[in-house]
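What follows is a short report on a single structure.
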Number of protein chains: 2
Amino acid sequence: MIKPVAPDSEFTIRELAQEFDVTPRTLRFYEQKGMITPTRRGAARIYSAADRARIELILRGKRVGFALDEIKEILDLEAIDRGGRERLEPAIERFTARIIVLEQQREDVERAIAELQAGLAWMRERLEDRTPSDDVRRRARAFEALAQARLDPWSGAPSTG
Amino acid sequence: MIKPVAPDSEFTIRELAQEFDVTPRTLRFYEQKGMITPTRRGAARIYSAADRARIELILRGKRVGFALDEIKEILDLEAIDRGGRERLEPAIERFTARIIVLEQQREDVERAIAELQAGLAWMRERLEDRTPSDDVRRRARAFEALAQARLDPWSGAPSTG
DNA sequence: TCACACACTTACGCGAACGTCAACGTCAAA
DNA sequence: TTTGACGTTGACGTTCGCGTAAGTGTGTGA
């Protein structure tokens with residue numbers, strides 16, 4: 001969890017880079033793409049709490065597979081909002097489509113977790129020098145099928161043509 | 001949902017490409033990386049049901065953010081499995097680490113969905129030419145903060161330095 | 001005043017994951 | 001036999017998301 005901060009906080013590029021575990025270069029890159037617009041003190045960038053919130057959203061967006069341009073569009077909701085019906089309606093459609101993708105993705109993530117856990121169970125049993133139990137085999141059914149894809153051409157039927 | 005198929009099914013590259021909505025080039029690329037090994041009829045690739053299952057896993061892996069090399073490692077569980085303790089133990093750690101990332105990601109996805117839905121509600125109210133209701137505003141709090149990040153330097157305090 | 005840390009801009013580089021030719025083979029239908 | 005759809009193998013091109021210098025301030029403590 002990211003700690004909340006006072007709304008009038010200010011940050012240097014290095015502070016935020018460290019907090020979010022990215023490089024300063026990354027933050028400058030996002031700025032160059034127009035995703036954040038920190039103010040300046042001289043030439044140095046000063047980030048506000050709102051900038052910080054944007055960065056948080058950018059990184060979360062990335063983690064769930066949004067491209068930077070897509071994240072930018074979300075960040076620019078304000079601009080869309082001021083753009084009237086013509087911009088609003090297609091944006092609503094894109095957002096809706098995105099939500100559908102994300103719901104698919106949530107399912108994907110859950111299946112991936114299940115698959116990795118099945119693989120883990122398999123490996124752990126192997127660590128104990130015994131062949132996986134029936135229970136584990138059942139849960140790792142997917143891996144067995146995959147393994148066969150590799151083994152078949154070598155150990156399988158000598159002539160198929 | 002992907003339809004299940006008979007275990008002795010065979011597919012051409014185009015069939016699978018269409019089914020999974022990728023180009024043939026993509027499947028050849030995965031093969032070149034050693035992730036699938038379809039048999040040949042002459043020079044033409046013939047994909048088995050197991051190959052198909054592998055492709056399914058590859059694409060799901062991609063959707064949740066795995067790099068192809070990581071997916072390959074998962075697919076090669078069999079090889080790891082035959083590699084003895086030295087390969088098994090680090091693999092177990094990597095799998096475990098991955099699961100943790102995925103669980104974080106599941107949370108990210110849920111928050112992203114919530115945020116997009118809040119944004120949608122906001123936009124829909126705007127479509128009806130009224131300023132968002134308090135309820136929507138509350139749920140779209142994140143967007144308000146983000147909007148401010150943009151508006152502050154223009155409409156905000158005239159002198160802050 | 002010097003050194004040093006840290007910032008800035010500009011610009012080229014890079015790996016991943018394919019796209020896109022180009023040039024060719026193959027098989028069935030007309 | 002020609003046409004056309006579909007397949008093959010290189011090999012180079014492209015986009016994304018930064019990394020990595022190179023060269024230049026800017027401020028701060030010894």
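Naming: A, B, ... by sequence-line order, numbering from 1 per chain. Side-chain atoms are counted along with the backbone in the values below, which use heavy atoms only and exclude waters and symmetry mates.
When atom types are taken as modelled, the side chain of A:Arg106 and the backbone of B:Glu110 share no donor-acceptor pair closer than 3.5 angstrom.
For A:Arg60, the side-chain hydrogen bond (donor to acceptor under 3.5 Å, both in side chains) test picks out B:Glu115, with sequence neighbours left out. When the side-chain hydrogen bond (donor to acceptor under 3.5 Å, both in side chains) test is applied to A:Thr12, no partner is found at least two apart in sequence or on another chain. Taking B:Glu31 as the reference, B:Ile36, B:Pro38, B:Arg40, B:Arg45, B:Tyr47 meet the side chain to side chain contact (heavy atoms under 4.5 Å, CB included) condition, with sequence neighbours excluded. Annotation: side-chain hydrogen bond (donor to acceptor under 3.5 Å, both in side chains) contacts of B:Arg25 (sequence neighbours excluded): none. For B:Ser9, there are no side-chain hydrogen bond (donor to acceptor under 3.5 Å, both in side chains) partners two or more places apart in sequence or in a different chain. Looking at residues two or more places apart in sequence or on another chain, you find no salt bridge (charged side-chain N to carboxylate O under 4.0 Å, His left out) involving A:Arg28.
Spacing between atom CG of B:Leu27 and atom P of D:dG7 amounts to 11 Å, rounded to whole angstrom units. In this entry the distance linking CZ of A:Arg14 with C1' of D:dG27 reads 16 Å, nearest Å.
The residue B:Arg41 sits apart from the nucleic acid: no heavy atom pair falls under 4.0 Å. Nucleic acid contact for A:Arg45: sugar-phosphate only, since backbone atoms but no base atoms lie under 4.0 Å from a heavy atom of the residue.
For residues 87-96 of chain A, every residue pair satisfying the side chain to side chain donor-acceptor pair (under 3.5 Å) rule, not counting sequence neighbours, is listed here: A:Glu73-A:Arg94.
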Show each protein N/O and nucleotides 11-18 of chain D N/O combination with a separation under 3.5 Å, one pair to a line.
unit_1: D:dG17; atom_1: OP1; unit_2: A:Leu68; atom_2: N; d: 3.2
unit_1: D:dC18; atom_1: OP1; unit_2: A:Lys62; atom_2: NZ; d: 3.1
unit_1: D:dC18; atom_1: OP2; unit_2: A:Tyr30; atom_2: OH; d: 2.8
unit_1: D:dC18; atom_1: OP2; unit_2: A:Lys62; atom_2: NZ; d: 2.7

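Mapping heavy-atom proximity under 4.0 Å, the span of DNA chain C touched by chain B runs 5' to 3' from C:dA17 to C:dT20.
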